[in-house]
S.K.: 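The structure's right below; bear with me while I get my questions together.
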Amino acid sequence: MGIAILLLAAYGVGNLLTATLIGRHLFASDVRSEGSRNPGARNMGRVFGKKAFVLTFVCDALKGVVVVLVTRWLGYNDIVQLLALFAVMLGHIFPAAHRFKGGQGVSTFIGGMLAFNPFVVGQFVVAFLVLQPFLKSFSATGLTAMSLSPVFLYVVTYDQRQTATCVLVIALLLFAHREDFQDRFMNKDSRTS
């Protein structure tokens with residue numbers, strides 16, 4: 001299988017928005033019309049409860065796991081595995097099958113990174129626990145911890161190409177949360193003005 005076809009297939013897997021499937025079949029509702037209207041685990045939890053959150057999180061994470069493991073099974077190197085993770089996240093965040101309006105990619109990133117290098121996930125969990133008392137925001141702390149993944153990966157591998165590719169993946173994740181950052185800073189400015 002050529003790399004282009006592999007990445008296109010990974011993007012296609014990302015287009016499977018599990019939140020919409022779970023919402024439709026288990027709750028007879030489209031989560032994209034409720035709450036924040038985001039088809040992701042956090043909004044599923046907000047609208048339908050903890051079980052919906054966990055189920056959506058696991059299913060979205062499995063998309064990342066499957067794509068990375070299949071890429072590895074096909075014999076591709078670490079760089080291609082990270083590019084496949086990027087592609088499945090891109091499909092989840094900007095799904096062509098859903099007018100390019102998808103989730104924010106956190107669950108898929110965590111699942112894919114767990115399959116790629118569990119040590120990195122362990123390190124950003126530790127970072128989360130350390131940063132949480134200072135940042136006092138679950139979302140901000142989580143994104144900050146995950147954004148350190150390239151640093152943790154470099155510490156393990158000393159591989160600049162892997163690290164650079166991981167930076168690309170993190171850049172996509174942060175771009176998907178750009179509105180969250182804008183809202184957070186705007187709310188902060190409004191409180192201090």
Side-chain angles (χ1 to χ4, degrees), residues 1-22 39-42 44-45 52-95 97 102-129 138-139 141-177:
M1 180 185 291
I3 293 177
I5 296 175
L6 173 70
L7 297 182
L8 188 59
Y11 175 83
V13 171
N15 274 243
L16 299 172
L17 298 182
T18 59
T20 62
L21 297 174
I22 293 168
R42 187 167 57 174
M44 286 289 283
F53 168 84
V54 172
L55 185 57
T56 306
F57 179 91
V58 170
C59 290
D60 282 345
L62 282 174
K63 293 194 297 188
V65 170
V66 168
V67 164
V68 169
L69 291 183
V70 168
T71 303
R72 184 178 299 162
W73 177 74
L74 290 171
Y76 288 104
N77 63 28
D78 292 340
I79 303 298
V80 179
Q81 290 172 37
L82 284 171
L83 289 175
L85 175 57
F86 178 90
V88 71
M89 287 173 58
L90 188 67
H92 178 83
I93 297 166
F94 301 109
Q104 293 182 302
V106 170
S107 304
T108 305
F109 168 75
I110 292 174
M113 190 55 70
L114 189 61
F116 179 75
N117 192 319
F119 176 82
V120 172
V121 177
Q123 290 302 300
F124 70 62
V125 168
V126 171
F128 177 90
L129 295 174
F138 185 87
S139 297
T141 305
L143 287 172
T144 301
M146 285 184 279
S147 69
L148 295 173
S149 295
V151 176
F152 301 141
L153 185 61
Y154 185 75
V155 168
V156 177
T157 65
Y158 295 102
D159 188 316
Q160 294 181 357
R161 293 177 64 223
Q162 262 192 64
T163 304
T165 310
C166 190
V167 168
L168 179 67
V169 174
I170 290 299
L172 175 62
L173 186 68
L174 295 179
F175 181 77
H177 287 81

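Quick note: residue numbers are just sequence positions, from 1.
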S.K.: How close do Ile22 and Cys59 get, counting heavy atoms only, and between which atoms?
M.R.: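 That closest heavy-atom pairing would be CD1-SG, 4.3 Å.
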S.K.: Less than 4.5 Å apart, side chain to side chain, heavy atoms only: is that true for Leu85 and Val88?
M.R.: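 Yes, side chains in contact.
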S.K.: Return the set of residues passing side-chain contact (heavy atoms from CB on, under 4.5 Å) with Ala87 (not counting sequence neighbours), or none when no residue passes.
M.R.: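 For Ala87 the side-chain contact (heavy atoms from CB on, under 4.5 Å) partners, ignoring immediate neighbours, are Leu7, Ala10.
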S.K.: To the nearest 0.5 angstrom, please state how far the CG atom of Leu148 sits from the CG atom of Leu153.
M.R.: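 Interatomic distance, Leu148 CG to Leu153 CG, rounded to 0.5 Å: 12.5 Å.
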S.K.: Considering all heavy atoms of both residues, which atom of Ile93 and which atom of Ala176 are nearest to each other, and what is their separation?
M.R.: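 The pair with the smallest heavy-atom distance is CD1-CB, 3.7 Å.
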S.K.: Once rounded to the nearest 0.5 Å, what's the spacing between atom CD of Gln123 and atom CE of Met146?
M.R.: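 Reported to 0.5 Å precision, the distance equals 15.0 Å.
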S.K.: If I take atom OG1 from residue Thr108 and atom CZ from residue Phe86, how far apart are they, to the nearest 0.5 angstrom?
M.R.: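 Spacing of OG1 (Thr108) from CZ (Phe86) equals 13.5 Å.
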S.K.: So which atom in Ala19 and which in Gly40 form the shortest heavy-atom distance, rounded to 0.1 Å?
M.R.: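 Heavy-atom minimum between the residues: CB-N, 4.0 Å.
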S.K.: Drop me the distance from Ser107's OG to Met44's CE, to the nearest 0.5 angstrom.
M.R.: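 Rounded to the nearest 0.5 Å, the OG-CE separation comes to 11.0 Å.
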S.K.: Strictly distance-based, threshold 3.5 Å: is any side-chain N or O of Asn15 a donor or acceptor partner for the main-chain N or O of Ala97?
M.R.: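 It does hold such a pair.
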S.K.: How long is the gap from CZ on Phe152 to OG1 on Thr157, to the nearest 0.5 Å?
M.R.: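 Taking CZ in Phe152 and OG1 in Thr157, the distance rounds to 13.5 Å.
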S.K.: For residues Thr20 and Pro39, report the shortest heavy-atom separation together with the two atoms involved.
M.R.: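 Of all heavy-atom pairs spanning Thr20 and Pro39, the closest is CG2-CB, 4.1 Å.
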S.K.: What's the spacing between Ile79 CD1 and Thr71 OG1 if we round to 0.5 Å?
M.R.: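 Here the interatomic distance stands at 13.0 Å.
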S.K.: For the side chain to side chain contact (heavy atoms under 4.5 Å, CB included) test, which of Asn117, Val121, Val120 pairs with Ser149?
M.R.: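 That would be Val120.
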S.K.: Please check: side-chain N/O of Arg42 versus main-chain N/O of Ser139, any donor-acceptor pairing under 3.5 Å?
M.R.: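 Pair absent, no side-chain N/O of Arg42 close to backbone of Ser139.
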S.K.: Would you list the atom pairs, donor with acceptor, under 3.5 Å between side chains in residues 161-175 and any protein atom, with sequence neighbours excluded?
M.R.:
residue: Gln162; atom: NE2; partner: Asp78; partner atom: OD2; Å: 3.1
residue: Thr163; atom: OG1; partner: Asp159; partner atom: O; Å: 2.8
residue: Thr165; atom: OG1; partner: Arg161; partner atom: O; Å: 2.8

